[in-house]
Amino acid sequence: MTVPNPETPSAAPAPSDFIRDIVAQHVAEGRYSKIVTRFPPEPNGYLHIGHAKSICLNFGIARENNGQCNLRMDDTNPTKEDVEYVESIIQDVKWLVAGWADHCLGFKPKGRVPQLQSVNGASDYFLPAVCPSAQNSDELEPFFASDYFQQIYEYAVALIRKGKAYVCDLSPEDTDKYRGTPDTPGKDSPYRNRSVEENLSLFERMKAGEFPNGARSLRAKINMAAPNIWLRDPVLYRIRHAEHHHTGNAWCIYPMYDFAHCLSDYLEGVTHSICTLEFEVHRPLYDWILEELGLARPLPHQYEFAKLIPTFMIVSKRKLIQLVDDKIVSGWDDPRMPTISGLRRRGVPASALRAFVTGLGVTKFNSVTDIAVLEHAIREELNKSALRRLAVLRPIKAVITNIAPDQAIELDAVNNPEDPNAGSRKLRFTRELFIESDDFMETPPPKYFRLRPGGEVRLKYAFIIKCDEVVKDASGKVVEVRCSADLDSRTGGPTASRKVKGTIHWVSATEAIDAEVRLYDRLFDTAEPDADGDFKKHINPHSLEVVTAKLEPSLANASSDLRYQFERLAYFTLDPDSRPGKPVFNRTITLKDAWAPPKK
RNA sequence: UGCCCGAUGGUGUAAUGGUAGCACAAACGACUCUGACUCGUUUUGUCUAGGUUCGAGUCCUAGUCGGGCAGCCA
């Protein structure tokens, strides 16, 4: 059975942007034998919605060009990284890409490191990818920059031999001072002109662990007066006596991002290295390193785009960590978090996330994306796929006085009006019901077309009822409404077509099940929570409200693989906290509500 | 007063020298056994000043405004 995939090129035009234009041109020129991109997170936090944009760009380009996109841990800083993050990243990427670009997901055999090969007579390291959908993925793993430490070390030695790198004894503080500022040139390190032999020996001793952290570094010898700060003899290697999550204690010197990244791209045969705008000024260094090394195969090139900044969210790993550590949220996967795992738990389908980010486009303009665009993408997807169910979040009792206490009337209810194949189910109508407290008002404002004393309303899939009597408790609060049903008005009945303005949802009080329902809302109450640098001041106090709701009985068998629309309310998904007989539902997003009750 | 990048409705984005279009948002209306969905209508835009050209959002020059860069972070 093949279901038309709305994301296939035939159904929707492939996205176009300045990076895809460049790739298309390279394909036309036959510049590379295969288009290879990569998604290279540092495992020092969970992936968030901003990463989703990068993932969709990199995997999208791979997919559109029969290429591949390698997942690579950019793990060159042992003091900040952890396997917990490695595992969450793998899970999140697989989830986002599943059924869309998993055939392009580049992994490698476990433990495999770059192999020496001969290219045009030159020896050359290379580590090709395999794509897991075609292989046994238990034997595969993502790429790790740390798997290349030996090769990267050898490249450093090659640079030293060329006189293009030197060991510097300046302390980190002095290195800063010598660097100058953006508008004043730096000055040469006193160690800049050491002999190749001395550099080789010192670098070897750095590797052997003879020096403490910070005592020496390996630096590229470029130009201390360069207008671009990153060309002022940047540090290539630093000493870090620390255990690494992937390489253990094998190394005490670790390459810096700039040195490791371009070489990792090269080793994997990456053709297009796509990153965010802040790396633009690093590009000359990226190119310098690869060019100086005289490598055998075609070189990768770096392209930059503007990252995603959504309103009502913060997208900074450092700040996200604070939300977790300060227990403002329950964890990285709290459904209010902008993390991929949070969005997943919230009930956002991967396809909606993909549709959202691809609809954004790719440019170099620093923009702010209205959260409404994300919400629209979620509703659009869920409207097509969610099963409709009846549920009452804040119940008040409605007694239908002309139904006998032991009577139960079976009714048909459509599962999804947008999808005829979703079928229908039976609902049982009884004398005692619950209706939404919002759906009854004793003294309603104008244009309120729900239930009121003496008024009529249709109960969805059932009868038109009339409110005859209102029962209040001692404090005057309405606790029950007593109504009579027009028994001819059920679907298909003689008076079914009677015009009644309002239709409300209901559940049988005698048959409904209880469930914990978590009503999530935006985590922040202002569009740009970090604009004043103090995002914690702007936490929305109503970002989570928990209610015990009354659900139609079929929801006892809800599946965590499915999405539900509680009619007239919102979309929901089952939370992993659910236990047999004790379901927990998360509100993904409300339905749009064009009715604005008059404000007092 | 260094270097790099950018600027199109409220927001995001398209137009690759030839009618400024699309989406979201907003407003109004139609439909409705979901005040949902769907459909229709409407409002709002090329940063400024020069120049090239028959013709400029697009090319050139200058300016203005915004972002990035001074980690042995990535």
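Numbered from 1 within each chain, the chains take letters A, B, ... in sequence-line order.
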Problem set entry | Length of the CZ-P vector between A:Arg20 and B:A14, whole Å | 11 Å
For this session: Whole angstrom is fine here: how far is it from OH in A:Tyr461 over to P in B:U32?
Result: 17 Å
Exercise. Given that both distances must come in under 3.5 Å, which nucleotide forms a Watson-Crick or G-U wobble pair with B:A49?
Worked result: B:U61
Exercise. When all nucleic acid strands are considered with a 4.0 Å heavy-atom cut-off, which category describes A:His282: base, sugar-phosphate, or nothing?
Worked result: base
Exercise. Which part of the nucleic acid, if any, lies within contact of A:Phe365, taking any heavy atom under 4.0 Å across all strands shown: a base, the sugar-phosphate backbone alone, or nothing?
Worked result: sugar-phosphate
For this session: Using only side-chain N and O atoms of A:Lys80, determine if any of them is under 4.0 Å from OP1 or OP2 of B:A74.
Result: no
For this session: May I ask you to say what A:Arg498 touches in the nucleic acid, namely base, sugar-phosphate or nothing, with a heavy-atom cut-off under 4.0 Å?
Result: nothing
Exercise. In the structure shown, which nucleotide is the Watson-Crick or G-U wobble counterpart of B:G12, with both distances under 3.5 Å?
Worked result: B:C22
For this session: Name the orientation of the base relative to the sugar in B:G71: syn if the glycosidic angle is within 90° of 0, else anti.
Result: syn
For this session: Look at A:Arg240 and B:C73 and indicate whether a side-chain polar atom (N or O) is within less than 4.0 Å of OP1 or OP2.
Result: yes
Problem set entry | Proximity to the side chain of A:Ser217 - top-ranked nucleotide from B:C72, B:C69, B:A36 | B:C72
For this session: Under 4.0 Å between any heavy atoms, over every strand shown, what does A:Gly214 touch: base, sugar-phosphate, or nothing? Just pick one.
Result: base
Exercise. Using a cut-off of 4.0 Å on non-hydrogen atoms, how would the nucleic acid contact of A:Asn228 be classed: base, sugar-phosphate, or nothing?
Worked result: nothing
Exercise. Of all the choices, B:G10, B:C69, B:C33, which nucleotide is nearest to the side chain of A:Val281 once you look at every atom?
Worked result: B:C69
For this session: Measure from the side-chain heavy atoms of A:Asp183 and tell me the nearest of B:A74, B:G2, B:C24.
Result: B:G2
Problem set entry | Sugar-phosphate only, base, or nothing, as touched by A:Phe463 at under 4.0 Å among non-hydrogen atoms | nothing
For this session: For B:A25 versus B:G12, give the span between their C1' atoms, rounded off to a whole number of Å.
Result: 11 Å
Exercise. What nucleic acid atoms does A:Tyr254 come within less than 4.0 Å of, heavy atoms only: base, sugar-phosphate, or nothing?
Worked result: nothing
For this session: Determine the Euclidean distance between corresponding P atoms of B:G29 and B:U8; express it in Å to zero decimal places.
Result: 33 Å
Exercise. Watson-Crick or G-U wobble partner for B:G71, using a 3.5 Å limit on both distances?
Worked result: none
For this session: Could you tell me whether A:Asp439 and A:Arg452 have a side-chain N and a carboxylate O separated by less than 4.0 Å?
Result: no
Exercise. In whole Å, what is the span from the OH atom of A:Tyr571 to the P atom of B:U34?
Worked result: 13 Å
Problem set entry | Nearest-Å distance for atom pair NZ/C1', residues A:Lys364 and B:C4 | 9 Å
Exercise. Within the structure, does a side-chain N or O atom of A:Thr184 lie under 4.0 Å from either OP1 or OP2 of B:A70?
Worked result: no
For this session: Any strand is fair game: report the nucleotide pairing with B:G17 by Watson-Crick or G-U wobble, both distances under 3.5 Å, or none.
Result: none
Exercise. Should A:Arg428 and A:Glu552 count as an ion pair when the cut-off is N to O under 4.0 Å?
Worked result: no
Problem set entry | NZ/NE/NH1/NH2 to OD/OE distance under 4.0 Å, A:Lys466 and A:Asp486 | no
Exercise. Heavy atoms under 4.0 Å, any strand shown: does A:Lys460 hit a base, just sugar-phosphate, or nothing?
Worked result: base
For this session: Quick one: label A:Glu304 by what it contacts on the DNA or RNA (base, sugar-phosphate, nothing), any heavy atom closer than 4.0 Å.
Result: nothing
Exercise. Is the ring centre of A:Tyr257 under 5.5 Å from the base ring centre of B:A74, and are the two planes under 30° apart, so that they stack?
Worked result: no
Exercise. Can you tell me if the side-chain N/O atoms of A:Arg568 get under 4.0 Å from OP1 or OP2 in B:G35?
Worked result: yes
Exercise. Do any side-chain nitrogens or oxygens of A:Arg238 fall under 4.0 Å of OP1 or OP2 in B:C73?
Worked result: yes
For this session: Rounded to whole angstrom, note down the P distance from B:A49 over to B:U58.
Result: 13 Å
For this session: For nucleotides B:C39 and B:C22, find the distance between their P atoms and express it as a whole number of Å.
Result: 14 Å
Exercise. Across the strands shown, which category fits A:Glu567 at heavy-atom distances under 4.0 angstrom: base, sugar-phosphate, nothing?
Worked result: base
Exercise. Which of the following nucleotides, B:C72, B:C5, B:G35, is nearest to the side chain of A:Asp593?
Worked result: B:G35
Exercise. Ion pair present between A:Glu64 and A:Arg20, side-chain N to carboxylate O less than 4.0 angstrom?
Worked result: yes
Exercise. So does A:Glu375 pair up with A:Arg522, basic N to acidic O under 4.0 Å?
Worked result: yes
Seminar exercise, completed: Quick note, A:Phe279 side chain, CB onward, closest among B:C72, B:A74, B:U32 is B:A74
Problem set entry | Pairing partner (Watson-Crick or G-U wobble, both distances under 3.5 angstrom) of B:G40 | B:C28
Exercise. Any cation-pi pair here, A:Lys317 with A:Tyr46, using under 6.0 Å and within 45°?
Worked result: no
Exercise. Counting side-chain heavy atoms from C-beta on, which of B:C73, B:A70, B:C5 comes nearest to A:Met256?
Worked result: B:C73
Exercise. Should the pair A:Arg283-A:Glu304 be classified as a salt bridge under the 4.0 Å nitrogen-to-oxygen rule?
Worked result: yes
Exercise. P atom, B:G50 versus B:C37: distance in rounded Å?
Worked result: 47 Å
Exercise. Would you call A:Arg425 and A:Asp412 a salt bridge, using N to O less than 4.0 angstrom?
Worked result: no
Problem set entry | B:U34 OP1/OP2 closer than 4.0 Å to side-chain N/O of A:His505 | no
For this session: Identify whether any heavy atom of A:Thr363 sits under 4.0 Å from a base atom; if not, whether one sits that close to sugar-phosphate; answer base, sugar-phosphate or nothing.
Result: sugar-phosphate
Problem set entry | Separation of atom CD in A:Glu278 from atom C1' in B:C69, rounded to whole Å | 10 Å
For this session: Please work out if A:Tyr237 contacts a base, only the sugar-phosphate, or nothing of the nucleic acid, heavy-atom cut-off 4.0 Å.
Result: nothing
Exercise. Rounding to the closest angstrom, what is the interatomic distance between B:C4 and B:U43 at atom P?
Worked result: 43 Å
For this session: Determine, for A:Glu456 against A:Arg498, whether the closest basic-nitrogen to carboxylate-oxygen distance falls under 4.0 angstrom.
Result: yes
Problem set entry | A:Leu591, nearest nucleotide to its side chain (from B:C73, B:A70, B:A36) | B:A36
Problem set entry | Nearest-angstrom distance from the residue atom NZ of A:Lys307 to P of B:C5 | 19 Å
Exercise. Across all strands, who's sitting opposite B:G66 as a Watson-Crick or G-U wobble pair, both distances under 3.5 Å?
Worked result: B:C5
For this session: Run the salt-bridge test on A:Arg72 and A:Glu268 with the 4.0 Å N-O cut-off and return the result as yes or no.
Result: yes
Exercise. Can you check the A:Asp439 CG to B:U34 P distance for me, whole Å?
Worked result: 13 Å
Exercise. Which nucleotide in the list B:U32, B:A25, B:G35 gets nearest to the side chain of A:Trp595?
Worked result: B:G35
Exercise. To the side chain of A:Asp176, which of B:A70, B:C37, B:G35 is closest?
Worked result: B:A70
Seminar exercise, completed: Separation of B:A70 atom P from A:Asp233 atom CG, nearest Å, is 16 Å
For this session: Considering only atom P, compute the distance from B:A14 to B:A7 and round it to an integer number of Å.
Result: 10 Å
For this session: Have a look at A:Arg179 and say if it touches a base, only the backbone sugar-phosphate, or nothing, with a 4.0 Å heavy-atom cut-off.
Result: sugar-phosphate
Problem set entry | Touch class at under 4.0 angstrom, heavy-atom based, for A:Ser367 against every strand present | sugar-phosphate
For this session: Taking atom P in both B:G18 and B:C59, compute the distance separating them and give it to the nearest angstrom.
Result: 12 Å
Problem set entry | First of A:Asp17 and A:Glu380 reached from the 5' end of RNA chain B, by closest nucleotide | A:Asp17
